[in-house]
Amino acid sequence: MSTDTPPEYEAERRPATTPAEATTRARPDDRLEIWYFIGALTVGGAERTLVDLVNGLDRERYDPTIWTLFDENRLADTVDPAVPIRTLGLGAQTRADDAAFVEGGSNPLDYVRAPLRFVRAVGREQPDIVQSFLFYDNTIARLVGLVAPKTTIVTGARGLQNISNPVIRAIDTALIPLSDRIISNSNAGADAYVARGADSERVGVVHNGRDLSTFIDAEPAGLRAELGLDEDTRLVGVVSRLVERKGQRDLIDAWPGIRRAHPDAHLVLVGDGVLRDEFAGLAVDRGVSNSIHFLGTRDDVPNVLADLDLFAFPSHWEGLPGALLEAMAAGVPIVATDIPGNDELVTDGETGVLVPAHDPAALCGAISGVLAHPSQAESYGRAAQGDAVDRFGLNRMVKEFEALYESLRDD
C-alpha cells in the first residue's frame, strides 16, 4: 500500500484503493453502490449477518463495500475476496476471553477523527446507500446523511436492550429522523422504534438468516469421548458468550435440580467471555462442577449441536439470536427464555419450550421435563428444524434485503 494513501482507504486482503480510483471505479450505471459500516468484523451476530448478506448479494445489481472503524477484523477472510474491506484504521484487539469484544485505543479524539474520515469519504464518493447495524455505527451513518443528501441511510435495530442506557437511548431517539429506513431483525425491535417516534412506513423487519445446510447435515463432534463420558450420557448445551445477559448463571443455578432428576446429565457451555472464571466458581459452589464443562470458543459448532440431547438458551434479552436459530436447524430440542426475539423463533409447546427469564426453577422444571420425555423432545426438534428451513434460510434473508434495496432505487 502506498504510504501516502489516506487512512480511510486502507484495505484488508484487498489491493489498495487510491483517492483517484475511488471516484472512478468501473461499474454498470444501474448497479447500486452500497457501503456497509460496522465497528469491526468480529465474531458477533450482527457481523456474521453482514458477511452472509454481502457474500449472497447479486453482483450484477449491487456493488458492496464493507467499512470498519477498527482494524481488528477476524471475519475478513470469510468475505468474498471481490468485496473491498476498507477500514478507518483505529487500532484495536479482541479480548483473549471474549472474541466478540473489541478494545480500542485510549485517545477519545480518535473516535471523532476516524468517523469524520468516513463522513468525508461518503461526501466525496456519494454511494447510493450506507447501511449500519449497531448503535455507534448507526449514529455515524445518520450524520453521514447530513453531508450526502443523495445517499440513502439504512440503520439497524438489533437487541432491544442495546439502547437501554438513558444517554444512549436519548441520542438514538433524537437521531431517528435522520434514518431513511430502520431495519430490525425482529418484530419486537421494529415495534419499539415505532413506539419511540419512528415513522412506521420507514421501519421494516428482515429476520436473520443462516446457511442451514451446515447444521442440518453435521456429523457429531464426539463430545462424549472427548470429555471421557459414557455414550449414553445426556448432554445439555448452550452456545453463547459468557456474559451476564446470556443467562448462564440461571442455568448453573438450575443444574443441581436437573442432576437430581437426571443423574446422567452433563452440561456443556460453548463460548467464552469475561465471566468464565466466575461461572466456573459458581459451579463449584453449587456442587456440580464435575458435570459442567466449559468448552470455550469452538470452530465446530454445527458438530457440537449434533451431539446434544437438548439446547438451553436462558438469555435475558436478545434481538433475533443466531445461536437459537442454528440449534433449530440442527433439530435439537430447545428450552429457551420467553423474551422478545426468542419468541419469534420458538413456538412454545410446538417447536420447543419457553420459560420466564431470570427463573432458574422454571429452567430446571422445563429441562428436566424435556429430558424425561424423549419422544416429545424428538418431536420438538423435528418441528423446529422444519420451521427453520421454511422461515430462516440465508437465501430468504438476502432476497428480502435485495427487495429493500430495489424499493430504495425506485424512491
Side-chain angles (χ1 to χ4, degrees), residues 10-14 34-57 64-81 83-104 114-115 118 129-141 154-159 161-163 183-186 189 206-211 214-215 239-243 245-246 270-274 297-299 301-302 315 318-326 341 392 394 397-398 401:
E10 295 177 4
E12 294 195 4
R13 301 189 302 107
R14 276 74 172 173
I34 306 173
W35 285 10
Y36 297 94
F37 183 57
I38 198 160
L41 288 178
T42 57
V43 295
E47 293 80 4
R48 290 188 185 278
T49 295
L50 169 56
V51 170
D52 287 341
L53 170 59
V54 167
N55 286 345
L57 285 177
T65 296
I66 296 175
W67 283 79
T68 68
L69 180 66
F70 296 104
D71 60 10
E72 176 60 42
N73 294 312
R74 295 193 179 188
L75 292 182
D77 287 338
T78 66
V79 178
D80 184 337
V83 176
I85 298 177
R86 299 165 69 175
T87 177
L88 296 168
L90 279 189
Q93 60 184 5
T94 54
R95 293 178 61 119
D97 57 2
D98 190 348
F101 188 86
V102 173
E103 291 182 320
F118 180 66
I129 297 171
V130 168
Q131 182 170 349
S132 58
F133 295 83
L134 304 170
F135 165 73
Y136 186 72
D137 320 328
N138 289 341
T139 300
I140 296 170
V154 179
T155 57
R158 306 178 65 87
Q161 297 303 316
N162 278 336
I163 52 173
I183 302 301
S184 175
N185 63 345
S186 68
V206 176
H207 288 115
N208 292 345
R210 284 288 188 273
D211 179 1
T214 58
F215 298 92
V239 180
S240 63
R241 297 167 60 202
L242 300 180
V243 294
R245 75 175 182 89
K246 292 295 185 177
V270 180
D272 216 335
V274 295
T297 302
R298 303 274 300 215
D299 295 326
V301 169
S315 282
E318 289 289 343
L320 196 83
L324 189 52
L325 176 54
E326 291 167 0
F392 299 106
L394 178 58
M397 181 188 77
V398 173
F401 271 115

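Sequential numbering from 1 along the given sequence is applied to the chain's residues.
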Report task. Take Thr49 and Arg158 through the test side-chain contact (heavy atoms from CB on, under 4.5 Å) and record every step on the way to the result. Result -> CA-CA 11 Å; Thr49 295; Arg158 306 178 65 87; 3.5 Å; yes

Taking all atoms of both residues into account, what is the closest heavy-atom pair of [X] and [Y], and its distance?
{"X": "Leu320", "Y": "Asn208", "result": "O-ND2, 2.7 Å"}
{"X": "Ser184", "Y": "Gly189", "result": "OG-CA, 3.4 Å"}
{"X": "Thr214", "Y": "Pro302", "result": "O-CB, 3.3 Å"}
{"X": "Arg241", "Y": "Lys246", "result": "O-CG, 3.3 Å"}
{"X": "Pro64", "Y": "Leu57", "result": "CB-CD1, 4.1 Å"}
{"X": "Val51", "Y": "Thr78", "result": "CG1-OG1, 3.4 Å"}

Report task. Decide yes or no on side-chain contact (heavy atoms from CB on, under 4.5 Å) for Leu134 and Glu47, but give the supporting numbers first. Result -> CA-CA 10 Å; Leu134 304 170; Glu47 293 80 4; 4.0 Å; yes

[X] side chain vs [Y] backbone, donor-acceptor pair below 3.5 Å:
{"X": "Thr87", "Y": "Phe70", "value": "yes"}
{"X": "Asp272", "Y": "Thr297", "value": "no"}
{"X": "Asp137", "Y": "Gly156", "value": "no"}

Report task. State, yes or no, whether a side-chain contact exists between His207 and Leu325 at a heavy-atom distance under 4.5 Å. Result ->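 His207 vs Leu325: side chains apart.
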
Query raised in the report: How many angstroms lie between CG in Leu75 and CD1 in Ile66, if you round to the nearest 0.5 Å?
Result: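 Going from the CG atom of Leu75 to the CD1 atom of Ile66 covers 9.0 Å.
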
Requested in this report: Mind checking the CG-CG spacing from Asp211 to Leu394? Nearest 0.5 Å is all I need.
Outcome: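 Reported value, rounded in 0.5 Å steps: 6.0 Å.
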
Query - side-chain contact (heavy atoms from CB on, under 4.5 Å) evaluation trace for Thr68 with Leu41 - result: CA-CA 7 Å; Thr68 68; Leu41 288 178; 4.1 Å; yes

Report task. Could you verify whether a donor N or O on one side chain and an acceptor N or O on the other, from Asn138 and Ser132, lie under 3.5 Å apart? Result ->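 Distance-only check passes for Asn138 and Ser132.
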
Report task. Check the angle between the aromatic planes of Phe118 and Trp67 and answer parallel, tilted or perpendicular using the 30° and 60° thresholds. Result ->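 Ring orientation of Phe118 relative to Trp67: perpendicular.
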
**Report entry** Verdict with supporting geometry, Glu326 and Val301, side-chain contact (heavy atoms from CB on, under 4.5 Å)
**Finding:** CA-CA 9 Å; Glu326 291 167 0; Val301 169; 4.2 Å; yes

